[in-house]
Protein chains: 2
Amino acid sequence: MRLVIARCSVDYSGRLDAHLPEATRLIMVKADGCVAIHADGGAYKPLNWMNAPNTLNIDDSTWTVANPKGETLTITLFEVLSDVDAELGEDPGLQKDGVEAHLQELLAARPESIEDGLRLVRREYPTAIGPVDLLCRDADDGVVAVEVKRRGEIDGVEQLSRYIERLELDSTLGDVRGVFVAQVVKPQARVLAESRGFRWVEVDYDDLRGLRPDELRLF
Amino acid sequence: MRLVIARCSVDYSGRLDAHLPEATRLIMVKADGCVAIHADGGAYKPLNWMNAPNTLNIDDSTWTVANPKGETLTITLFEVLSDVDAELGEDPGLQKDGVEAHLQELLAARPESIEDGLRLVRREYPTAIGPVDLLCRDADDGVVAVEVKRRGEIDGVEQLSRYIERLELDSTLGDVRGVFVAQVVKPQARVLAESRGFRWVEVDYDDLRGLRPDELRLF
DNA sequence: ACTTCGATGTCGTTT
DNA sequence: AAACGACGTCGAAGT
């Protein structure tokens, strides 16, 4: 990784056109050829960037980055304040815990934690507009479509609406009931879900993972 | 901005939990207090980060970043290979050209490029749930609501649906026809648009800008 | 402050 | 490779 701090101006031409006037910035060049131009503030997103795969051409004080799609990034250097190069090596990578896929797995293994008597028919049940998270049958053998989100917001309810519309059109399933499941269901999402005739359920991630004893649920 | 290259391990706890095993990485600390941990590859997104506002506490080889929401990032340093500090100053900011707003302008100036005989009534026509991109009348004087996107995906069709529902409720416009316009309309968006009774149209940004001669369209 | 929506989104997964 | 949805999305604009 090479880190250059320099007074520079930058031009990008590609999916849009963008220009950065002369100022002091960080230019970060990674081992895979990615280039990013950072200011001294504003979260982690760079002002300009170019992702791999691309080619970096350094001609005196003009750096030109080009990729196969025909996008170009041109950096003009006026004064270099610092220039550091270091070999970092491969990164072992990030371990995450607590994302939606995990939540869906846990619910698929224990559909009864959503509603008494609920049985899983299929995970990721396919429709023309995408897969339904969980397709189930309830205690009365009715078809139930379950949408799982980590955070339950309006978009998720819209998604469930579309799936149910599709399921009722495309199949011989007949009436399909909707259930919206999330760790937290936002007030607006509750209102919309109810107005669409869906149940909404909040579940606890730690409970599902079995970190808390099941007995606690009996109370 | 402070740039430290070091062998380190990192733990994040907040919206999820994540762990980075010991390896050599870049730690970037910006003037506003943001911290980002970068590997030597993988686009511009850091492996871990913490945005402002937050507090950075450096205690020997353990750095702790905490924000008001209770999220924490803990960095344990094993070996520092490089440590650079520089004053960058304010950035004058990025100038952009070619985003959705621009596309909408061009279409407003030439509604007939969407559909023969289409005339603009108003751009950003207001409704209770937000402005409709273009409100038009067609060759038969029927009301047409146009939603403009750079890339046409399902969300955009949903947005158009909500606007039309509103327009038909709130006004004396009567039936409103929907047209979904984008540079590229994705297959799922096509299906949904058609099932809602909307037309979808793909337009070319360069054509609209007039970079290609109009005569080309005659063939 | 909160919500909505665009983005050179980026990233992973599946087709 | 293309499409599709999730994201610790980020960030700006409007309320």
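Chain identifiers are assigned alphabetically (A, B, ...) following the order of the sequence lines, protein sequences preceding nucleic acid strands; residue numbering begins at 1 within each chain.
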By nearest atom, which of the nucleotides dT9(D), dT10(C), dA6(D) is closest to the Glu147(A) side chain?
dA6(D)
Whole-Å distance, Arg151(B) CZ to dA3(D) C1', equals 10 Å
I'd like to know if Asn51(A) reaches the base of dT8(C) with its side chain, counting only an N/O donor and acceptor under 3.5 Å.
no
Sugar-phosphate only, base, or nothing, as touched by Tyr44(B) at under 4.0 Å among non-hydrogen atoms:
sugar-phosphate
What is the distance, to the nearest angstrom, from the CG atom on Asp17(B) to the C1' atom on dG8(D)?
11 Å
Let me spell it out: for each of Lys45(B) and Glu100(B), pick the nucleotide of DNA chain C with the closest heavy atom. Which residue's pick is nearer the 5' end?
Glu100(B)
Nearest to the Tyr163(B) side chain among dC5(C), dT8(C), dG8(D), which nucleotide is it?
dC5(C)
From NZ of Lys186(B) across to P of dA1(D) the rounded distance in Å is 16 Å
Check this for me: does any side-chain nitrogen of one of Arg25(A) and Asp91(B) sit under 4.0 Å from a carboxylate oxygen of the other?
yes
At under 4.0 Å between heavy atoms, what does Gly42(B) touch on the DNA or RNA strands: base, sugar-phosphate, or nothing?
sugar-phosphate
Between dA6(D), dC4(D), dT9(D), which nucleotide has the shortest distance from any of its atoms to the side chain of Gln159(A)?
dA6(D)
For Glu158(A) and dC5(C), what is the distance between atoms CD and C1' respectively, to the nearest whole Å?
14 Å
Can you tell me if the side-chain N/O atoms of Lys96(B) get under 4.0 Å from OP1 or OP2 in dT8(C)?
yes
When you measure from the side chain of Trp49(B), which nucleotide among dG8(D), dG11(D), dC4(D) comes out closest?
dG8(D)
Name the residue from Ile58(B), Asn54(B), Thr72(B) that meets the side chain to side chain contact (heavy atoms under 4.5 Å, CB included) definition with Val65(B).
Asn54(B)
Gln104(A) CD to dG12(C) C1': how many Å, rounded?
15 Å
Residues Glu147(A) and Tyr163(A): side-chain donor-acceptor under 3.5 angstrom:
no
Looking only at the side chain of Leu16(A) (C-beta and beyond, no hydrogens), which of the listed nucleotides dA7(C), dC4(D), dT8(C) gets closest?
dT8(C)
Using a strict 4.0 Å threshold on nitrogen-to-oxygen distance, state whether Arg177(A) and Asp138(A) make a salt bridge.
yes
Going by atom types alone, do His38(A) and Lys30(B) pair a side-chain donor with an acceptor below 3.5 Å?
yes
Rounded interatomic separation in angstrom, taking CG from Leu20(B) and C1' from dG8(D):
13 Å
Take the protein atom CG of Asn67(A) and the nucleotide atom P of dT10(C), then report the distance between them rounded to whole Å.
11 Å
Nearest-Å distance, CZ (Arg15(B)) to P (dC7(D))?
12 Å
Of the listed dG11(D), dG8(D), dA6(D), the closest approach to the Met50(B) side chain comes from dG8(D)
